[in-house]
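Written out below as C-alpha cells is the structure these notes cover.
Just so we're on the same page: letters track the sequence lines, and every chain starts at 1. All values derive from a computational prediction rather than experimental measurement.
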Amino acid sequence: MSAKEPGQTETPKAYEPARVEGKWYRFWVERGYFTPKIEPGKSPFVIIMPPPNVTGELHLGHFLTIALEDAMTRWHRMKGEPTLWLPGTDHAGIATQVIVEQQLAKKGLDRKHIGREKFEEQVWAWVRQCRQTINLQHQRFGASCDWTRERFTLDDGPARAVRSAFVRLYNKGLIYRGERLINWCPRCLTAISDLEVQHQELKGHLYYMRYPLAESDGFVTVATTRPETYLGDTAVAVNPADQRYVGLIGKKVVLPVINRVIPIIADSAVDSSFGTGAVKITPAHDPVDFEMAGRQHLPLVNIMNPDATLNENAGPYASMGREAARKKILEDFEKAGLLEKITDHVHMVGHCDRCRTVVEPRVSKQWFVNTPPLAARAIEAVTSGRIIIIPERFTRVYLNWMENIRDWCISRQLWWGHRIPVWYCSKCSVMTVSVETPDKCSKCGSPDIFQDPDVLDTWFSSGLWPHSTLGWPDDTEDLRYFYPTSVMETGYDILFFWVARMIMMGLEDTGDIPFRTVYLHGLVRDEKGDKMSKMRGNVLNPLEMTRKYGTDALRFALTTGTSPGNDISLSQQRIESGRNFANKIWNASRFILRAIEANPEAVKTPDREFTWEDRWIVSRLNRVIGGVNRLLEEYQFGEAERQIHDFFWGEFCDWYLEIAKLRLRQGQASCLPVLVSVMEIALRLLHPFMPFVTEEIWQSLKPYLPPDKLPDSIVIASYPTARPEAIDPAAEDNLEAVIQVTRSIRNARAQYRVPSGKAIAAQVYSDSFAGVLSEYSGIIESLAVVRPLTVAPRNQRPQTAEKVIVDILKDAEVVIPMAGMVDIAAERQRLEKEIQSAGEAIARLEARLKDPAFISQAPAAIVEKEKARLSEYADRLARLKQELSQLG
RNA sequence: GGGCGGUUAGCUCAGCGGUUAGAGCACUGCGUUGACAUCGCAGGGGUCACAGGUUCAAUUCCUGUACCGCCCACCA
C-alpha cells in the first residue's frame with residue numbers, strides 16, 4: 001500500500017458496495033423519495049408489489065421481481081411521473097399454517113392440542129418475524145417502494161375489502177355454499193382448489209374386477225385404478241351403443257364382500273374402447289362419476305373419513321388406510337376368483353400443492369365462487385386490448401384457461417386466514433352474511449349465532465390486492481388516483497392463481513381493470529437450467545450473493561441477457577461479471593475525479609471547440625439514450641442494460657477515456673467537461689438497474705455539475721432523453737477511422753510479437769480520412785505504440801521493393817515495415833484468404849444484382865446499398881490483389 | 001389428449017426478413033509505476049437442430065420432423 005499522495009482522492013481501488021449501500025438507502029427513505037405526491041394533472045405510474053408469502057426468507061425469484069419492478073419504478077420516477085410502488089406481504093394461508101404446524105411438531109405438539117386461539121398467536125409471532133426479515137431484504141436490495149403504504153393481507157383494510165367482496169358476490173348470487181365433490185388433502189385436512197392440485201404421472205395398475213350378476217350366473221368385469229373405491233360404487237355404467245352389454249342394461253350386480261346390489265346403467269360418457277367398456281361408478285370419490293350420478297340420479301356413498309381412512313360404510317374394511325384397504329380388497333377378490341387380471345397403467349395422480357399428499361376427491365359442503373360470469377368480463381378486458389400481456393404468447397394461455405374456467409372452491413378448513421364472514425343461527429339455522437360482525441341473527445334476532453369456522457383461500461384476498469391496498473371499498477384518494485395500476489409484474493407460474501383472479505375480482509369490485517399491462521418473468525434456475533431448490537442443494541443465497549458481489553451486481557446479473565417470460569439461468573460467474581461492471585464504473589469515476597482535482601477550473605469551461613472524439617462520444621451516447629428509451633418502453637430491460645454496458649465499457653472507457661488520458665497528460669483539460677457530462681448521463685441511464693453505485697458516484701460528481709436545477713439525488717434526477725441534434729455522422733466516421741487504424745496496428749504488433757514497450761513505425765494512406773488521421777496521429781502513436789506514424793494520401797504511397805505488412809481497411813491502408821521480420825508466406829496466406837472472401841462476397845453481390853427479380857422487387861434503398869457494397873468489395877479486392885503482387 | 005416454449009460459439013443466453021450472426025463467461029498469446037488484473041491488447045471458436053415452403057432475399061416468417069422442457073385436461 002503506497003502512502004496517500006497529496007491532493008489525491010482517497011478512494012479504494014475497488015468498488016466496495018457494503019460501504020455505500022445502507023447509507024444511500026437510508027438517505028432515500030429519509031428524503032421521502034419513494035412516497036409519491038398526488039398531482040392531479042399528471043397520470044401516475046403504479047406497481048403493486050406481488051406480496052411475498054410470510055413463509056420464510058426471500059429467494060432469487062423474489063429478487064428478480066424486485067430488480068425488474070424497481071427498474072420500472074425508478075425509470076418512471078426519473079421521468080417525473082408520480083410513482084407508486086406499493087409493498088406488502090401475504091399471509092399465505094395454507095403455506096404458513098403448514099410451516100407453523102411443522103414447528104409445533106418439532107416440539108411434539110399439534111394445533112388441535114393447543115387450540116385455535118393459541119395457534120393463531122403462534123402464527124402471528126412467526127409472521128411478525130418473517131415480515132421484518134422480508135422488508136429488510138427488500139431494503140437491502142434497494143427496492144424503492146413506498147413503505148408508508150405497506151400492507152399485509154390480514155390488515156384491517158384488506159380484511160374489510162375481503163368481507164365486502166365476499167358479501168357483494170354473495171348478494172349477487174356469485175358466491176354460494178354447496179355440497180360438491182372437491183379436492184381434499186387428507187394431510188392438511190382441508191379442501192383445496194383445482195389449481196392447488198399438482199398432477200403427477202405415476203406408474204400404477206389397472207385392476208380388472210368381476211362383479212357377479214345379481215339375478216343370474218356370470219359377472220361383469222370392470223377395470224379400475226382404485227379397487228378400494230368399489231365400496232362406494234352405486235352403479236356400473238356401459239355405453240348404450242356397446243353391443244356386448246345391451247342385454248345387461250337394467251340388470252343388477254352384487255358388490256362382493258359387502259353384498260350391496262347396484263344397477264347396470266347406460267351412459268354415453270362411457271368409452272367402450274377403454275378397459276372392458278364397463279365402468280364402476282363411485283360418485284362420492286370420482287369427479288366424472290359424481291357428475292354422472294347427478295344426471296342418473298344415483299345415490300352417493302362416502303366411504304372415507306377426512307384423513308382418508310375408510311369409514312363405517314366400508315364394512316369389514318372400516319378404519320383401514322386407503323393403501324392397506326386396497327391390498328386387502330385385492331386379496332379378497334383374488335381368493336374369491338373375482339380378480340380377472342392386473343395390467344400396468346400409467347396415469348396422472350393429483351397431489352397437494354403444499355404437502356405432496358395424494359389428493360382425495362371428496363363430497364363436502366364448501367363455499368364456491370360462480371366464476372363464469374366473472375370470467376366473461378375478464379376475457380373481454382384482454383381481448384379488447386385494455387389489458388396487455390407481455391410476452392404476448394401468454395394471452396392465449398390466459399384466454400384458454402378463462403374460457404374453460406370452473407367454479408372456484410374458496411373455503412378452507414384451516415385456522416390461518418380470513419374467516420368467512422358468515423354466521424349461523426343456532427335457533428333458526430339462517431345464515432347472516434355481513435361485512436360487520438353481527439351480534440344477532442338477521443332473521444330471528446337470536447344472539448345465539450356462531451361464525452363459519454372456515455377461512456378463505458388465500459388467493460381470494462390476493463385477488464383483491466390491487467384495489468384493497470389502495471383503500472377499497474372506501475372511495476379513497478389513493479384509489480381514485482392510483483387505480484387502475486400501470487403494470488402487474490410477476491412470474492408466469494401464477495398467471496392463473498393470481499393474475500387471472502385479480503382481473504376477475506378487480507373488474508367485479510371496481511368496474512375497472514386492475515392494471516393495464518401484465519409483465520410475466522421467468523423462473524430463476526441454476527447454471528444447468530435446473531429449478532433451484534433446497535432439495536437439490538443448488539440454491540444461491542441472495543443475501544450472501546449481495547454481500548459477496550454487491551446488490552447492483554446481483555440485480556444486473558438477474559436482469560441482463562434475458563427476455564420476458566423466459567427462464568433465467570443464474571450462476572455465480574454471471575454475478576461476478578455484474579460486479580466487474582460496477583467496478584469498471586467505479587474506476588472510471590475515480591479517474592475522472594482525480595483529473596478534475598488536478599484541474600478544477602477546466603470543468604467550468606462549457607463553450608469551446610469540440611474535438612472529433614468529443615463529438616463522437618456525445619453522438620454515440622445520444623444514440624444509446626434513444627435506443628435505451630425505446631427498449632424500456634418495450635419492456636426489453638435486458639437489452640437496454642446490454643446497450644448501456646457496451647457503450648460504457650467498449651466506447652466510453654476503451655476509447656474516449658484512453659484518448660482523454662493522453663490529452664490530459666499534455667495539459668489539455670478541455671475534455672473534462674465532456675468526461676463529466678457523459679459519465680453523469682450514463683449514470684442516470686443506468687440508475688434504474690444499478691441504483692447504489694450510480695448514486696454513490698453521482699453524488700461525488702455533483703460538485704462539478706452545472707448547479708442549475710440540480711436535484712439532491714440521482715433518484716429524482718431526470719432520465720436522459722436523446723438529443724437528435726447531437727447525432728454526428730461525420731464525427732462517428734472519423735473516430736471509426738482512428739479506431740480502425742489503431743486496431744490494425746495493434747493487430748500487426750500482436751501478430752509479430754512486438755514487445756509491448758517497443759514502438760514500431762507505420763504509414764497510413766487514405767484519401768477521405770487523411771485529414772483526421774494526421775490530426776490524430778499523435779493519439780494513434782500512443783494508443784498503438786507506433787512511432788512515427790505518417791499519414792498521406794493514397795497516391796503518395798511510394799512504390800517500394802521493401803517487404804511490408806499492409807492492412808487494407810475500408811478507407812485506408814496501413815503499411816508497417818517490419819524490418820525484415822515479415823513472414824512472407826504468412827502474409828501471402830492472409831492476403832489470399834482475404835482475397836478469397838472478398839471474391840465470394842463479390843460473386844454473391846453480383847449474382848444478386850444481376851437478378852431482375854431483386855432489382856425490381858427489392859426496395860430501392862436496399863438495391864443501392866448492395867451496389868455500394870459491391871463497389872467497396874471490388875475496390876478492396878483490387879487493393880488486396882495489388883498487395884499480393886507486391887509481396888512477390 | 002390439447003397447447004406452449006426451447007434447439008444459435010465449449011457453457012449460459014441475446015438478437016434478427018437485407019454487410020462478414022453478437023455478449024458474458026471459458027479458452028489461447030502478449031502485457032502490471034499512475035481508473036480498473038474485478039484490468040488491458042490481440043486471437044481461436046458457429047452449416048443459427050433437421051426437412052420442406054413463402055420471398056428478390058430466411059438463422060429470422062410458415063409447415064412438418066426429431067430431441068429437451070413446461071402448462072392444461074374427468075379415459076375409469
So does A:N747 get a side-chain nitrogen or oxygen closer than 4.0 Å to the phosphate oxygens (OP1/OP2) of B:C41? no
Across the strands shown, which category fits A:P755 at heavy-atom distances under 4.0 angstrom: base, sugar-phosphate, nothing? nothing
Measure from the side chain of A:R590, starting at C-beta and using heavy atoms only, and say which of B:C56, B:U38, B:C36 lies closest. B:C36
Watson-Crick or G-U wobble mate for B:U19, both contacts under 3.5 Å: none
For B:A35, does the base pair up with any side-chain atom of A:K661 as donor and acceptor (N or O, under 3.5 Å, distance only)? yes
Is there a donor and acceptor pair, one atom on the side chain of A:K13 and one on the base of B:C36, closer than 3.5 Å? no
Nucleotide forming a Watson-Crick or wobble pair with B:A42, both distances under 3.5 Å: B:U28
Could you tell me how far apart A:N587 (CG) and B:C36 (P) are, to the nearest whole angstrom? 6 Å
Taking the side chain of A:D271 as heavy atoms from C-beta outward, which of B:A76, B:A35, B:C74 is closest to it? B:A76
What's A:V279 touching, base or sugar-phosphate or nothing? Going by heavy atoms closer than 4.0 Å. base
Before accepting this row, confirm whether a basic side-chain N of the pair A:R362/A:E360 lies closer than 4.0 Å to the acidic partner's carboxylate O. no
Just to confirm, is there a sub-4.0 Å distance from OP1 or OP2 of B:A14 to any side-chain nitrogen or oxygen of A:N566? yes
Would you indicate, yes or no, if B:C56 has its OP1 or OP2 atom less than 4.0 angstrom from a side-chain nitrogen or oxygen of A:Q857? yes
How long is the line joining OH of A:Y211 and P of B:A76, in whole Å? 16 Å
Return the value, rounded to whole Å, for the distance between atom CG of A:L520 and atom C1' of B:C4. 13 Å
Out of B:C39, B:G3, B:A76, which nucleotide sits closest to the side chain of A:N580? B:C39
Does B:C39 have OP1 or OP2 sitting under 4.0 Å from an N or O in the side chain of A:N583? no
Side-chain N or O of A:T224 closer than 4.0 Å to phosphate OP1/OP2 of B:A76: no
Nearest-angstrom distance from the residue atom CD of A:E634 to P of B:C16: 9 Å
The reported gap from CD in A:Q636 to CD in A:E641 (rounded to nearest 0.5 angstrom) is 12.0 Å
Taking atom C1' of B:A42 as reference, at what distance in whole Å does atom CZ of A:R743 sit? 10 Å
In whole angstrom, give the distance that lies between atom CZ of A:F637 and atom C1' of B:C13. 18 Å
Looking at A:R869, I'd like to know whether one of its side-chain N or O atoms comes within less than 4.0 Å of OP1 or OP2 on B:U20. yes
Per nearest nucleotide of RNA chain B, the residue lying toward the 5' end, A:D654 or A:R574, is A:R574
Counting distance alone, no hydrogens or angles: does the base of B:A35 have a donor or acceptor under 3.5 Å from a partner atom on the side chain of A:E658? yes
Checking all strands, does A:F496 fall into the base, sugar-phosphate, or nothing category for heavy-atom contacts under 4.0 angstrom? sugar-phosphate
Would you indicate what A:R665 reaches in the nucleic acid, counting non-hydrogen atoms under 4.0 angstrom: base, sugar-phosphate, or nothing? nothing
Could you check if a side-chain atom of A:E696 sits within less than 4.5 angstrom of a side-chain atom of A:R19, using non-hydrogen atoms only? no
In whole angstrom, what separates A:L206's CG from B:C75's C1'? 10 Å
Watson-Crick or G-U counterpart of B:C48, or none if no pair lies under 3.5 Å: none
Where the side chain of A:R406 is defined as all heavy atoms beyond and including C-beta, which of B:G18, B:C74, B:A14 is the nearest nucleotide? B:C74
Which heavy atom of A:A588 sits nearest a heavy atom of A:F648, and at what distance? CB-CZ, 3.9 Å
Reckon A:S589 touches a base, only the sugar-phosphate, or nothing at all at heavy-atom distances under 4.0 Å? nothing
Which nucleotide in the set B:A35, B:U20, B:G29 lies at the smallest distance from any side-chain heavy atom of A:K584? B:A35
When the nearest nucleotide of RNA chain B is assigned to A:R226 and to A:H199 on a heavy-atom basis, which residue is associated with the more 5' position? A:H199
Does B:U12 have its OP1 or OP2 closer than 4.0 Å to a side-chain nitrogen or oxygen of A:S571? no
Before giving the answer on ring pair (Phe, Tyr, Trp, His ring centres under 6.0 Å), spell out for A:F556 and A:F689 the whole-Å C-alpha distance, their side-chain angles and the decisive distance to 0.1 Å. CA-CA 6 Å; A:F556 194 77; A:F689 304 104; 7.9 Å; no
Gap separating the CE atom of A:M292 from the CG atom of A:D267, nearest 0.5 angstrom: 4.0 Å
Nearest whole Å is fine: how far is B:G24 C1' from A:I644 CD1? 16 Å
Which residue is it: A:T11, A:I592, A:L593? I am looking for the one with a side-chain contact (heavy atoms from CB on, under 4.5 Å) to A:S700. A:L593
Considering just the side-chain nitrogens and oxygens of A:R393, establish if one lies under 4.0 Å of OP1 or OP2 belonging to B:G5. no
Before accepting this row, confirm whether a basic side-chain N of the pair A:E834/A:R876 lies closer than 4.0 Å to the acidic partner's carboxylate O. yes
With a 3.5 Å limit on both atom pairs, tell me what B:G1 is paired to, counting Watson-Crick and G-U wobble, or say none. B:C72
OP1 or OP2 of B:G40 sitting under 4.0 Å from any side-chain N/O of A:W649? yes
Nearest to the side chain of A:D851, which nucleotide is it out of B:C56, B:C41, B:A35? B:C56
Just checking A:L495: base, sugar-phosphate only, or nothing, at a heavy-atom cut-off of under 4.0 Å? nothing
Within less than 4.0 Å of OP1 or OP2 of B:C75, is there a side-chain N or O belonging to A:H345? no
Who pairs with B:U60 - Watson-Crick or G-U, where each distance is under 3.5 Å: none
